[in-house]
Structure formats: structure tokens, C-alpha cells
Amino acid sequence: MSFPLLTAVAAVPAIGAIATAALPAAKRTAAKWLALLFSLVTFALALLVAFRFDPGAKGPFQLTESHAWISDFGVRYELGVDGIAVALIALTTLLIPFVILAGWHDADPLEEATPNRRWRPTQGFFALILAVEAMVVLSFEATDVFLFYIFFEAMLIPMYFLIGGFGDRADGDEEQSASRRSSAAVKFLLYNLAGGLIMLAAVIGLYAVTADQLGTGTFSLQQIVEARAAGKLEIGTGTERLLFLGFFFAFAVKAPLWPLHTWLPGAMGESTSPVAVLITAVVDKVGTFAMLRFCLQLFPEASSWATPVILVLALISVLYGALLAVAQRDIKRLIAYASISHFGFIILGIFAMTSQGQSGATLYMVNHGISTAALMLVAGFLISRRGSRLIADYGGVQKVAPVLAGTFLIGGLATLSLPGLAPFVSEFLVLVGTFSRYPVIGIIATLGIVLAALYVLVLYQRTMTGPVKAEVKSMPDLRVRELVVVAPLIALLLFLGVYPKPLTDLVNPAVGHTLSVVDKKDPQPTVQVDAVPGGSRPGHAVHDQDVEAAK
């Protein structure tokens, strides 16, 4: 039996979570280093997965593992990765060490133990982060629908405690802050549980359909896709559309897609900055990833049927999120609404049903994770120094902390997709892919770029430039630990902005497979000619093969 590499990538952080949580209360420093060590080992294993993955190999999945689990109900422990999953596993395992380093002191006991200030369990904080990592990785690896569902829902539990139990210390009123955190955590849990319950009904329905037509019920994604391709499994149009809606609703909540997004600003605003990164750069990516892996491949006809409505909702997310980001007075909530806009671009690319759009959407998941992590973590360092999330409480920071201001600027420029930084490539591909099939939506979506420039540059101007406010005069610049967190993220933004080929080579075969399952091809390009023999009028658009025939 070959070494179960995919299982190891998920098992290491799970073991790390247990080991970290088991340390005595006095071993806070040991808990931090232990969590960091397990996260680095996990990243090394993820790099080994990427090294062993062959983008040119045949078949949808590689490094597969398959074992009987609940045989009576057709549930198997099936894992496998395609290029998209490899890229997102690498992103997740890369970010977790930085999340741990950035939150190094976020769960330390407060110096003054007063009745309204709670002691923060350091071991629990870092153990929960590792638990989330394990469940997210398994969600990217699972090729059994039921197995995926289990970890898709299970990750809500540690996230609930991270949001509700650990929050910013910028607010001096601990009791009021705890109340807001509790409210945000409950809203996060209720929204995602509601989506999960609807998805569970669809999962059961899918099993019933396969049991009826194949004789034996199955949750295997590959088996279902192959059975449909061979004509052995035919799902009625009405049934397929209902099942699709059940899956898509859960993924749209997680994504988050307008109007199911309202849990995100509160969850990110009330969390510590590292946990906010965990939410939007890691956990939310499971929703958009699942749209590609499960919605499109299990329900191709229903995906095409729902595309016009989904594109409109994605377009609303792009503009709505950007407009509300412009109006924000809270730094972290501004970044949260900006993420809603970015997720709109990702979903736009997925359902444009073009190779450029889906490749761009996949790159956007990776690049958004890096850029948002850089911006949010630097914002967290800024907030911890001043003790306020309000934009109006800052001014002139670049004069007293130039390195902090410079990294904040690069993170912001990446957020607005400046050419030369990684998100530009993905956003450009999404817009090109969307325009080639839906030109009107593609044109309107470009307004999101303009609005992004507005909210990012205004944020930088109000916080970093102008007269130095009295409260920031003594603000220290980034420390060594903080530079270790931010510098690699900035370097990645620059590298992938100039040379995205490693990522595109990795994801393009998986995108091609997805489009073939949905039976979609890229629109044929058209050209304008002055005259074509055979009667075509001047200026008439013809396909390139017609031009060749005319020649």
C-alpha cells in the first residue's frame, strides 16, 4: 500500500490540535511553538503533494485513496486531488503558519484580571486554528459527497468558538465586545447550518436517485459522473434542478454570495485579524471550490439553467460589496465588504462557463487569499497599536511607521488588482472570460475595479497620510515577527503578478475537465471584415473559419 499522503496532510494538523489543546495551562509558549511546528509540517506535506501531482496525467483525480467506511449506505472514505484542489490546499497550508504567527499574543491572558475581562485560553485558540485547517484540507480532498458534507459542516464548530470566544482588544469595554462577538458567532453558525441542512436533504436525494437507477446507492463523485457520461444514470430535469439548488444554496452561504452574505461583516469585524483571515481567505474558499467540483460536475444541465440568475447575483455582489466598502468607517468591515465584492468576481468567472473565466476564478481564490491575508494582517497590527478600528482615529501613520504603511499600501494595491500584482491576472481573466460569453455583464462588472480603487485609496489616504495625529505619534513600526508574517505574502503577490504560469499550468487541465463534463466550449472569436466574397456586407461580423473560406 502506498503512503496515504492526502490523509497525512489532514491528519497532521488534527493531531497537532489535540496535542496543543492537551498542554497544561502554564505552557502557553510551548503551545504556540507546537502549533507552529505542526502547521509547518503540514505545509511541507502539501508541497510534497504539489510536487507529486502531474498536471498532464490522465484522469480527473490523482493520489487517490479509497476505503470502505459505511458500506450499507454506500459511503466511502475517498480522497483525490485535481489541480484546483492542489492549489487551494497549498494556499491553506501556507497561510496557517502566518495566521499563527500573527495571532501570537491574541489569546494571551490580559494583564489585569478584572471581573469583566476574561482569561483567554491560549492552547484552545491555536488548537482550534489547527482543527479548522484539518477540516478545510479534507474538504478540498474529499471525492465522496457524504464525506465532503461531514467536514463542510464540522468546520463550523471550531470557527464558532474562534469568532465568539476570541475577539479584538481594541474595544475597552470587554462585556460589550463579548456580546457583539457572541451575536456575530451565532449569526455565522445559523446561516451556515441552514445552508448545510438544505444541502443534506439534497445529498440524501442524490443517494436515492443513484440507488434507484444503479441498483446500489453511491456518493462517489467520480462514479456518478462516469455513470452519467455512459448513460447509465439519468436524473430527471426537475429533480436535477432541485438537487442543484440544495447544493448551491449551501455553497452560496459559505462563499458568501449576495443576499446570503450578511453574516460575514460581523464575523470578520468582531474576530481577531488572524481569525478574520481564516474566515475569508481559507474557509470561504470551500464554497466557491465546491461550486466547481460538485455543482457543475454533478448537475451540468441545472448549472446551465441557473447560470443567468447566478451571474446577476454575482454582479450584484461585485457592485454591492464595493459600494458598501466605500461607505465604511471601520477598517475591518471595509475589508469584509471588499471580500464580498471579490467573491462576486470569483462566482462570475465560475459560471461564465469559459476556460478563461474558470481559470481566472481559480487563480482569484488563491490570489485573493494572499492579498486579503496581507492587508488584514497589517491592518490588525495597526489596530493593535492604536486600539481602534475606526478610520477616523488615524492619520499620518506613514511618517512614524513607514514600513507598516508601505506594506499596507501594497496589500491595498493588490486588493484593487493593480497590474503587476497577483490579483490583476485573475481579475483580468475573469472579466475576459465573462465578456466573451456575456458582454453586458462583463462590462458592468468592470465598475467593481473603479470602486475598488476608490475605497482602497481613500482608506490609505485617511489612515496613512496627512497630519500625524497625537495618538499615533509614538506608534512603533513593524517588529521582526510581524515582518516575517508580511514579507513572504508581499513577495508572493509580486511573483505571481509577474509570473503566474506555475498556477495556470496547474489548474488549466482541471478547468478543461470541468467544462467537458458541463459540455461547454469557449465562444468562437469573431472578426470584422470590410467585405467577404459571397455577399457579406461591409462591417459584418463573421467567424474566423468563414474568413479562411473566403480567402
Side-chain angles (χ1 to χ4, degrees), residues 60-61 74 82 84 143-146 148-149 152 195 198-255 257 260 287-315 346-359 361-362 433-434 436-438 441 509-524:
F61 301 115
D82 56 10
I84 298 171
T143 57
D144 181 278
V145 177
F146 192 81
F148 167 82
Y149 172 78
F152 180 79
I198 293 174
M199 180 184 170
L200 178 60
V203 169
I204 295 171
L206 179 65
Y207 176 82
V209 171
T210 59
D212 179 61
Q213 296 196 31
L214 299 178
T216 303
T218 180
F219 293 105
S220 172
L221 171 65
Q222 190 167 354
Q223 186 177 346
I224 294 172
V225 171
E226 290 175 353
R228 296 201 68 174
K232 297 178 181 179
L233 177 63
E234 295 183 3
I235 305 177
T237 301
T239 302
E240 179 175 340
R241 291 177 181 181
L242 285 174
L243 295 177
F244 169 85
L245 290 175
F247 277 75
F248 181 79
F249 182 83
F251 303 152
V253 171
K254 187 85 78 181
L257 177 68
L260 305 172
T288 47
F289 164 81
M291 291 179 188
L292 275 166
R293 172 166 283 190
F294 295 105
C295 282
L296 268 60
Q297 297 193 42
L298 288 174
F299 315 110
E301 188 280 332
S303 298
S304 298
W305 163 74
T307 288
V309 174
I310 294 173
L311 289 177
V312 171
L313 295 178
L315 182 61
I346 294 171
I347 297 171
L348 205 64
I350 291 172
F351 284 89
M353 302 292 187
T354 59
S355 59
Q356 299 100 326
Q358 291 192 357
S359 294
T362 305
T434 303
S436 65
R437 195 181 293 277
Y438 303 99
I441 291 179
V511 167
H513 171 75
T514 302
L515 288 175
S516 67
V517 172
V518 188
D519 195 22
K520 291 287 186 180
K521 297 181 180 179
D522 289 335
Q524 289 292 327

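Because the structure is a prediction, the values reported are computed rather than measured.
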Quiz item: Any donor and acceptor pair, going by atom type alone, linking the side chain of Arg437 with main-chain N or O of Met353 inside 3.5 Å?
Solution: yes
Quiz prompt | Straight-line distance of Phe289 CZ to Ile350 CD1, nearest 0.5 Å | solution = 10.5 Å
Quiz item: Would a 4.5 Å heavy-atom cut-off, applied to side chains only, mark Phe219 and Ile224 as touching?
Solution: no
Self-check item: Which atom of Pro523 lies closest to which atom of Thr354, heavy atoms considered
Solution: CD-CG2, 3.8 Å
Quiz item: Taking only residues two or more places apart in sequence, or in another chain, which ones meet Ile310 in a side chain to side chain contact (heavy atoms under 4.5 Å, CB included)?
Solution: Phe244, Phe248, Ala306, Ile347, Phe351
Quiz prompt | Between CG on residue Leu315 and OH on residue Tyr438, distance to nearest 0.5 Å | solution = 13.0 Å
Exercise. Start with the C-alpha distance between Gln222 and Thr143, add both sets of side-chain angles, then the distance that settles side chain to side chain contact (heavy atoms under 4.5 Å, CB included), and finish with yes or no.
Key: CA-CA 7 Å; Gln222 190 167 354; Thr143 57; over 6 Å; no
Quiz prompt | Least distance between heavy atoms, Glu240 atom then Pro300 atom | solution = OE2-N, 3.3 Å
Quiz item: In chain order, what residues pass the ring-ring contact (aromatic ring centres under 6.0 Å, His included) check against Phe152, with sequence neighbours excluded?
Solution: Phe148, Phe251
Quiz item: Minimum heavy-atom separation for Thr288 to Ala255, with atom names?
Solution: CG2-CB, 4.2 Å
Exercise. Considering non-hydrogen atoms only, spot the tightest contact between Phe247 and Cys295 and give its length.
Key: CB-SG, 4.0 Å
Quiz item: Between Gly74 and Asp144, which heavy-atom pair has the shortest distance, and what is it?
Solution: O-OD2, 4.0 Å
Residues 206-213 side chain polar contacts: donor-acceptor under 3.5 Å, at least two apart:
residue: Thr210; atom: OG1; partner: Leu206; partner atom: O; Å: 3.4
residue: Thr210; atom: OG1; partner: Tyr207; partner atom: O; Å: 2.8
residue: Thr210; atom: OG1; partner: Thr218; partner atom: N; Å: 3.2
residue: Thr210; atom: OG1; partner: Thr218; partner atom: O; Å: 3.4
residue: Gln213; atom: OE1; partner: Glu234; partner atom: N; Å: 2.7
residue: Gln213; atom: NE2; partner: Glu234; partner atom: O; Å: 2.3

Quiz item: Is the closest basic N to carboxylate O distance between Glu301 and Arg228 below 4.0 Å?
Solution: no
